Amino acid sequence: GPVRLCHQLRREGVTPMPSESSIYRALRRSGPIEEKAKRKKLPTYKRWERGRPMELWQMDVVGGVLLEDGTEGKILTGIDDHSRFMVCAGIMTRATGRQVCGHFAAALERYGAPEEMLTDNGKVFTNRFGLTPTEVLFDRICRDNGINHLLTAPFSPTTTGKIERFHRTLRHEFLTARVFSSLEIAQRELDGWINDYNTQRPHQSLKMATPSDRFYQRRDKVPTPPLDLKALEERAGDDWVSRLISVNGIISISNQVFSC
């Protein structure tokens, strides 16, 4: 948009500097942007932001990765609430609990564990409100690593507004009208786009700083405890036995019945 272009021209030392309104009119005349009706802000809507990096991550799953074989991949996205830094953007064939948690664990290994995690009530994230509440793998990883897992209220997408806003940018700039030959190529191109988003793109909400600037400049220089990702270990082989648990919590192993 005009604000970003004006900021970029100023950084490059262009003279004389055009005004934002001049850039906007030029964009309107050439066609890249169209006049849109402004959405009315709800009086109850309030912006909020955590005070420093790693206090809170927001995570969600978004679709739209089209492949040449006709399948559609999903992306697990994660954003640091304070800095808008993307900590996760992992593509998967299906949004299953193990695939989602694999990308989640990779983000934890790269950046460390946040204090809190905010997600919606999707089944890959939690089953606290199911008919028979159980701890899913995502909840288990959060518990094992001291992460307080927060959930949004039903039908309240603005609670995770930062990740939803990122999804809009992702669809518009990266996914729209694109078909990838393979999941690996799609991931490689997405990684490059995310790197540019984190390190090169100034954000108006950050006073034209980049997410990387804000994420790394204000991170606390304190040692972090080692991660506990044992929950992701494959439970197979002679040391493991799989059994179904009945709805009333009864399980049978070697002709012995146990109540869970």
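Please read these numbers as outputs of a predicted model, since none were measured by experiment.
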Using only atom types and a distance under 3.5 Å, with no angle test, would you say the side chain of Asn145 pairs donor to acceptor with the backbone of Ala113? no
Does Lys230 come within less than 4.0 Å of Asp144, counting only side-chain N to carboxylate O? no
Validation row, ring centre His82 to ring centre Phe215 under 6.0 Å: no
Minimum heavy-atom distance between Gln99 and Thr93, given as atom pair plus value: NE2-OG1, 3.2 Å
Look at the side-chain heavy atoms of Ile, Leu, Val, Met, Phe, Trp and Tyr, link any pair under 4.5 Å apart, and say whether Ile147 and Leu229 land in one connected group. yes
Between Ala186 and Val65, the two heavy atoms sitting closest are CB-CG1, 4.0 Å
With a 4.5 Å limit on heavy-atom distance, are the side chains of Arg98 and Leu232 in contact? yes
I'd like to know if the side chain of Asp120 and the backbone of Gly122 have a donor-acceptor N/O pair within less than 3.5 Å. yes
Keeping Thr210 on the side-chain end and Asp213 on the backbone end, is there a donor-acceptor pair under 3.5 Å? yes
Using side-chain heavy atoms (C-beta onward) and a distance below 4.5 Å, is Arg165 in contact with Thr169? yes
Should Ser212 and Phe85 count as side-chain neighbours, where that means a heavy-atom distance under 4.5 Å? yes
Aromatic contact between Phe180 and Phe174, with the criterion being ring centroids under 6.0 Å apart: yes or no? yes
Indicate the atoms forming the closest heavy-atom contact of Met86 with Asn198, along with that distance. N-OD1, 2.8 Å
For Leu66 and Arg178, which heavy atoms make the closest approach, and how far apart are they? CB-O, 3.9 Å
Heavy-atom pair with the smallest gap, counting every atom of Ala231 and Ile141: CB-CG1, 4.4 Å
Tell me whether Tyr197 is reachable from Leu76 by hopping between hydrophobic residues (I, L, V, M, F, W, Y) whose side-chain heavy atoms are closer than 4.5 Å. no
Of all heavy-atom pairs between Val179 and Leu67, which one has the smallest distance, and what is that distance? CG1-C, 3.7 Å
With rounding to the nearest 0.5 Å, note down the distance linking CZ in Phe138 to NE2 in His149. 5.0 Å
What distance do Arg188 atom CZ and Ser182 atom OG have between them, rounded to the nearest 0.5 Å? 7.0 Å
Check whether Gln187 reaches the backbone of Ile91 with its side chain - one donor and one acceptor, N or O, closer than 3.5 Å. yes
If you count every heavy atom of other residues, nucleotides or ligands that lies below 6.0 Å from Arg94 atom CZ, does the total exceed 12? no
Given Thr134, Thr126, Thr119, Asn127, the one that forms side chain to side chain donor-acceptor pair (under 3.5 Å) with Asp139: Thr126
From Met92 CE over to Leu183 CG, what is the distance, rounded to the nearest 0.5 angstrom? 10.0 Å
Charged N to carboxylate O below 4.0 Å: is that the case for Arg201 and Glu173? yes
Transitive ILVMFWY side-chain link Leu56 to Leu151, under 4.5 Å: no
Side chain to side chain contact (heavy atoms under 4.5 Å, CB included) for Val124 and Thr96? Distances and angles first, verdict last. CA-CA 6 Å; Val124 295; Thr96 62; 5.8 Å; no
Checking side-chain contact (heavy atoms from CB on, under 4.5 Å) between Gln58 and each of Asp80, Asp81, Val87, which is the one that passes? Asp81
Is the closest side-chain heavy-atom distance between Val257 and Ile251 below 4.5 Å? no
Side-chain heavy atoms of Ser181 within contact of Glu68, under 4.5 Å: yes
Can you get from Met117 to Tyr111 by hopping between Ile, Leu, Val, Met, Phe, Trp and Tyr side chains that sit under 4.5 Å apart? yes
Within this structure, what is the CZ-CZ distance for the pair Arg214 and Arg84, rounded to the nearest 0.5 Å? 6.5 Å
Cluster check Leu118, Phe166: I/L/V/M/F/W/Y, side chain < 4.5 angstrom: no
Is Thr199 reaching over with its side chain to a backbone N or O of Asn195, donor-acceptor style, under 3.5 angstrom? yes
A side-chain contact here means heavy atoms from C-beta on lying under 4.5 Å apart; do Phe104 and Cys142 qualify? yes
Can you tell me how far OG of Ser83 sits from CE of Met54, rounded to the nearest 0.5 angstrom? 9.5 Å
If you apply the rule side chain to side chain contact (heavy atoms under 4.5 Å, CB included), what do you find for Val61 with Ile75, and how did you get there? CA-CA 6 Å; Val61 174; Ile75 308 175; over 6 Å; no
Between Arg50 and Glu115 (salt bridge meaning N to carboxylate O under 4.0 Å), is one present in this structure? no
If we only count heavy atoms from C-beta on, is the Glu116 to Glu55 side-chain gap below 4.5 Å? no
Distance check, rounded to the nearest 0.5 Å: His167 atom NE2 versus Arg171 atom CZ? 7.0 Å
Between the side chain of Asp60 and the main-chain N/O of Thr77, is any donor-acceptor distance below 3.5 Å? no
